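Predicted model only: the values in this text are computed from it and were never measured. Sequential numbering from 1 along the given sequence is applied to the chain's residues.
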Amino acid sequence: MPLPPAQPGETRRAHTARLLREAVSRGLIPEGARLPGHRRLAGALGVSRNTLVDALTQLEAEGYVRALGRSGTVVSAPPLTAAPPMPAALPLSRWAQRALAGQVQEVGGTFAVDFRVGQPVPELYPEGPWTQALARRAGQATRGGDSDPLGPLDTRRALAAHLNASAGAQVTPDMVMLTGGTQGALDALARVFLEPGRVAVAEDPTYPGARAALAATGAQVVAVPVDGAGLQTERLPGAATLAYVTPGCQYPTAVTLGAARRQALLAWARDTGAFILEDDYAADLHHAGRPPAVLQGLAPERVILLGSFSKSLAPVTRSGFLVAPPEVLRVLTGTRPLTDRVPGRLDALALADVLGSGAYSRHLRRARQVLAHRQEVLLEALGAALPGWSAAPVAAGLHVYLPLPAPWTEADVLARAAAQGVGLTPVGPLVSGVGMPAVLLGFAHLPPEALRGGAARLGAALRPGPM
């Protein structure tokens with residue numbers, strides 16, 4: 001009877017020890033039994049005598065066998081009792097139940113033209129400057145040194161300068177904390193400020209990861225609708241602790257919050273004592289005109305600015321940041337060791353060099369031109385393929401928001417598109433209640449010919465008539 005194969009990477013000694021360990025644990029070799037002689041047992045297992053001796057030495061150290069000199073080797077461990085069956089339901093905490101309930105499943109499938117959002121755009125990453133910065137800083141990172149819980153001071157200085165110059169922020173290095181990305185920052189802030197009985201605000205529709213992080217705490221999440229001018233500030237609740245917003249480029253509709261509503265939102269935050277969590281996810285991907293200034297620059301005492309370089313630089317860096325009043329950072333640095341550590345120092349130091357050298361600004365100028373062109377190609381192709389539909393140009397971000405005219409539903413459109421080999425992202429899962437049906441088409445990762453071909457396939461899929 002053939003023996004079970006080794007696991008990937010498992011040495012002969014480790015494999016032999018595992019087979020004997022499992023035989024003892026299952027009671028196949030009972031406690032007190034004498035093992036065959038080394039040469040005979042090695043032959044039965046198909047290994048050398050030296051390999052067997054090494055494996056038995058390991059098992060003796062673990063207490064499974066005992067060597068008796070000339071009297072051989074005996075089993076010294078009882079078999080394991082049968083493991084009880086897994087319970088029908090795991091004893092999950094309420095936090096885990098709320099967190100799982102807030103997850104949005106990705107739309108699966110393989111498509112000839114995949115417009116689904118969230119896909120990497122490797123050809124737009126500044127590979128040369130980034131790898132050079134990593135190499136230049138590698139020695140310094142391995143030597144350790146700076147253990148500031150906010151992250152290396154060099155990086156925080158470079159980030160503050162970048163945000164003040166490009167985003168109209170009011171930032172000093174002591175207001176910056178490096179993070180592993182926006183989702184981790186949202187989770188940390190939600191845990192610190194929210195609990196059952198408190199209220200949080202989220203746009204509707206919104207980024208589902210933000211809504212899930214807020215709701216997992218047990219706080220009530222009030223969904224405030226978004227229209228063509230952004231968050232409907234007149235519908236904000238009378239009291240709240242946190243409000244998650246994307247004013248520069250609302251996700252997913254891509255509208256920009258106007259000046260009057262920005263002022264109303266800030267006035268509401270001052271009156272209620274709420275902190276505004278401003279996710280400026282698309283600031284560096286603004287490809288039509290100049291990006292609007294961040295809210296943080298108008299009210300640094302009330303606004304916590306969140307950002308990440310995972311889309312504009314490279315997703316593998318997991319380089320993010322948050323900007324907050326010093327008293328908020330003191331709390332975050334105090335609680336951080338329980339759930340998180342400062343992100344990788346090498347990536348942080350490389351980011352400081354890429355920002356400070358001007359390489360990042362040069363990269364953004366090129367990336368914005370490419371994004372603007374690809375969006376233009378997609379909109380032109382959609383206009384030809386779907387006359388009468390209303391995909392509008394967006395000033396920032398990596399996707400186009402396409403409302404569905406009546407009587408189309410998201411399920412119908414997704415099914416017909418998939419039948420033609422086209423992948424789309426539905427907006428319905430991003431809505432708290434019932435919203436207008438729409439789909440998202442990511443364009444940044446696709447070359448012009450694929451955008452045109454995908455739009456033509458979509459037009460063919462959505463022609464009137466049966467599938």
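In this structure, L189 and L277 have side chains that are in contact, with non-hydrogen atoms separated by less than 4.5 Å. Residues V323 and E278 are not in side-chain contact: their nearest non-hydrogen atoms beyond the backbone lie 4.5 Å or more apart. You'll find the side chain of R137 reaches within 4.5 Å of the side chain of D353, heavy atoms only.
Residue pairs meeting the ring-ring contact (aromatic ring centres under 6.0 Å, His included) criterion with at least one partner in residues 157-200, sequence neighbours excluded, are H162-Y360, F193-F275. Contacts classified as salt bridge (charged side-chain N to carboxylate O under 4.0 Å, His left out) and involving residues 163-174 (residues at least two apart or in different chains) are not found. Within the structure, ring-ring contact (aromatic ring centres under 6.0 Å, His included) contacts touching residues 26-50 (residues at least two apart or in different chains) do not occur. Within the structure, salt bridge (charged side-chain N to carboxylate O under 4.0 Å, His left out) pairs that include any residue of residues 189-198 comprise D187-R191, E195-R198 (at least two apart or interchain).
The two residues L20 and L59 make their nearest non-hydrogen contact at CB-CD1, 3.5 Å. Closest heavy-atom contact between R156 and G151: NE-O, 3.0 Å. Here the closest heavy-atom approach between residue L430 and residue R211 is recorded as O-NH1, 3.0 Å. For P152 against L178, the heavy-atom pair with the smallest separation is CD-CD1, 3.6 Å.
Residue L458 holds its CG atom at 5.5 Å from CG of L424, rounded to the nearest 0.5 Å. In this structure, the separation between CZ on F309 and CH2 on W130 is 9.0 Å, given to the nearest 0.5 Å. Note that OG1 of T241 is 10.5 Å distant from CG of L214, once rounded to the nearest 0.5 Å. Taking CD1 of I304 as the reference point, atom CD1 of I276 lies at 10.0 Å (rounded to 0.5 Å). With values rounded to the nearest 0.5 angstrom, L378 atom CG is found 11.5 Å from H399 atom NE2. Distance check: L285 CG to C249 SG gives 9.0 Å after rounding to the nearest 0.5 Å.
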Which atom pairs, one a donor and one an acceptor, fall under 3.5 Å between side chains of residues 61-68 and the rest of the protein, sequence neighbours left out?
residue : atom : partner : partner atom : Å
E62     : OE1  : R21     : NE           : 2.9
E62     : OE1  : R21     : NH2          : 3.3
E62     : OE2  : R21     : NH2          : 3.1
E62     : OE2  : Q58     : NE2          : 2.6

Side-chain polar contacts of residues 439-451 - donor-acceptor pairs under 3.5 angstrom, sequence neighbours left out - could you list them?
residue : atom : partner : partner atom : Å
H445    : NE2  : D114    : O            : 2.7
H445    : NE2  : Q119    : NE2          : 3.4

For a quick test of your reading: what N or O donor-acceptor pairs under 3.5 Å do the side chains of residues 41-56 make, sequence neighbours left out?
residue : atom : partner : partner atom : Å
S48     : OG   : T51     : N            : 3.1
S48     : OG   : T51     : OG1          : 2.9

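Around atom CD of E22, more than 12 heavy atoms belonging to other residues, nucleotides or ligands sit under 6.0 Å away.
Residues satisfying the side chain to side chain donor-acceptor pair (under 3.5 Å) criterion with Q183, sequence neighbours excluded, are Y207. The side-chain contact (heavy atoms from CB on, under 4.5 Å) search around T182 returns L186, D279, L306, S308, not counting sequence neighbours. Take T16 and apply the side chain to side chain donor-acceptor pair (under 3.5 Å) test, not counting sequence neighbours, and it matches no residue. For R12, there are no side chain to side chain donor-acceptor pair (under 3.5 Å) partners at least two apart in sequence or on another chain. Taking S357 as the reference, nothing meets the side chain to side chain donor-acceptor pair (under 3.5 Å) condition, with sequence neighbours excluded.
By the 4.0 Å N-to-carboxylate-O rule, R345 lies too far from D148 to be salt-bridged with it.
Counted by atom type alone, E203 and T246 present one or more donor-acceptor pairs between their side chains at under 3.5 Å. A donor and an acceptor atom, one from each side chain of Q250 and T253, are located under 3.5 Å apart.
In terms of modelled atom types and a separation under 3.5 Å, the side chain of R157 and the main chain of P173 share no donor-acceptor contact. Under the 3.5 Å distance criterion, the side-chain polar atoms of R116 are left unmatched by any main-chain donor or acceptor of G423. Listed for the H363 side chain is no donor-acceptor partner under 3.5 Å among the backbone atoms of P129. D204 places no side-chain N or O within 3.5 Å of a backbone atom of V431 that could act as its donor or acceptor partner. Of the possible polar contacts, one joining the H15 side chain to the P4 backbone as a donor-acceptor pair under 3.5 Å is found.
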Side chain to side chain contact (heavy atoms under 4.5 Å, CB included) assessment of R34 paired with T73
CA-CA 6 Å; R34 194 179 305 275; T73 303; over 6 Å; no
